[in-house]
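Working notes, structure below.
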There are 2 protein chains.
Amino acid sequence: MKQQALFKALADPTRRQILKRLRRGSATAGDIAADFEMSKPSLSHHFNVLKEADLLRNERRGQHIVYSLNTTVFEDAAGLLLDLFGNRAREDSNEN
Amino acid sequence: MKQQALFKALADPTRRQILKRLRRGSATAGDIAADFEMSKPSLSHHFNVLKEADLLRNERRGQHIVYSLNTTVFEDAAGLLLDLFGNRAREDSNEN
DNA sequence: CCTATATTTAGATAATTGGCTAATTATTGA
DNA sequence: TCAATAATTAGCCAATTATCTAAATATAGG
């Protein structure tokens, strides 16, 4: 797991919106682009960043490229958060 | 809760290390600086970013400024992750 | 094989970021 | 009040990033 790539990918609002867009199901690059006010190359760049973080999977289907969420990374992300906060929050929160 | 500030704050490795350092308990700016190979002003900048994300609290104690983790934001962060992945991962993972 | 369509890659540029040193502010204690 | 200590703010610079347009690549269908 590439921790830095994951955090970096999540740091951009456009990329987070792409993830949210893909919750509704996989979509082609063009479909996604239609929902964003941004050039296709810019979005393509964001797809790459998300892919480096292993947050997206893609598959060519004819002329189209279909992107979909890789939900398995969700667990990694949760683990990273726990790591940062030392999971004290779970067992005993003595600072309320 | 400032979502963008939170994600941005977590995107930097130095800042993540600061958070981890503070898991061991609160510490003064100088104490923390002693653990990092970086100038104090640079660290001070990182403290600010973390504070904007509400990840840190600080309190002046004499000449020192004591920083500590704000663990309540942990829940916010977890919520944001769930939001991104649509918590499908919890109920039904049909892509193993 | 050629053209249209979908997408990515290349290359340029403006904005942001992360680091530094120097200067400033705040506090303590003599 | 002054010197010492702790930390921040200011100002500068190099590296990274997000965006764009133009060019390249891949595929489908006639």
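Protein chains get the first letters and strands the later ones, always in sequence-line order, with residue 1 at the start of each.
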Rounded distance in Å - CZ (Arg16(A)) to C1' (dA18(D))
14 Å
Nearest whole angstrom, please: distance from the P of dT16(D) to the CZ of Phe7(A).
21 Å
Connected via hydrophobic side-chain network under 4.5 Å: Leu82(B) and Phe74(B):
yes
Determine: side-chain N/O of Thr28(A) to OP1/OP2 of dT7(C), distance under 4.0 Å, yes or no.
yes
For Tyr67(B), report the nucleic acid contact type (base, sugar-phosphate, nothing); a contact means any heavy atom under 4.0 Å.
sugar-phosphate
Can you tell me how far P of dT25(C) sits from CD1 of Ile65(B), to the nearest Å?
15 Å
Can you check whether Asp83(B)'s main-chain N or O pairs, donor with acceptor, with Arg23(A)'s side chain at less than 3.5 Å?
yes
Check this for me: does any side-chain nitrogen of one of Asp76(B) and Lys2(B) sit under 4.0 Å from a carboxylate oxygen of the other?
no
Mind listing the N/O atom pairs, protein and nucleotides 11-15 of chain C, below 3.5 Å?
none

How many Å lie between CZ on Arg15(B) and C1' on dG19(C), as a whole number?
12 Å
Can you find a pair of side-chain heavy atoms, one from Asp12(A) and one from Phe7(B), that are under 4.5 Å apart?
no
Out of Leu56(A), Ile18(A), Ile32(A), which residue meets the side chain to side chain contact (heavy atoms under 4.5 Å, CB included) rule with His46(A)?
Ile18(A)
NA contact type, Arg61(A), heavy-atom cut-off 4.0 Å: base, sugar-phosphate, or nothing?
nothing
Which pairs, with at least one residue in residues 59-69 of chain A and sequence neighbours excluded, count as a side chain to side chain donor-acceptor pair (under 3.5 Å)?
none
Test for a donor-acceptor pair under 3.5 Å between the base of dT5(C) and the side chain of Gln63(A), counting only N and O atoms.
yes
5′-ward residue of the pair Arg60(B)/Ala29(A) relative to DNA chain C:
Ala29(A)
Under 4.0 Å: is that the gap between some side-chain N or O of His64(A) and OP1 or OP2 of dT27(D)?
no
Look at Lys8(A) and dT16(D) and indicate whether a side-chain polar atom (N or O) is within less than 4.0 Å of OP1 or OP2.
no
With rounding to the nearest 0.5 Å, note down the distance linking CG in Leu22(B) to CZ in Phe85(A).
10.5 Å
Roughly, in whole Å, what's the span from CD in Glu59(A) to P in dT27(D)?
13 Å
Is there a side-chain contact between Val49(A) and Leu55(A) (heavy atoms, below 4.5 Å)?
no
Quick one, which residues of residues 38-52 of chain A touch DNA chain D with a heavy atom under 4.0 Å?
Met38(A), Ser39(A), Pro41(A), Ser42(A), His45(A), His46(A)
Rounded to whole angstroms, how far apart are CG on Asp12(B) and C1' on dA15(D)?
13 Å
Minimum side-chain heavy-atom gap Asn58(A)-Phe47(A) below 4.5 Å
no
Can you tell me the distance, in whole Å, between the CD1 atom of Ile18(B) and the P atom of dG18(C)?
11 Å
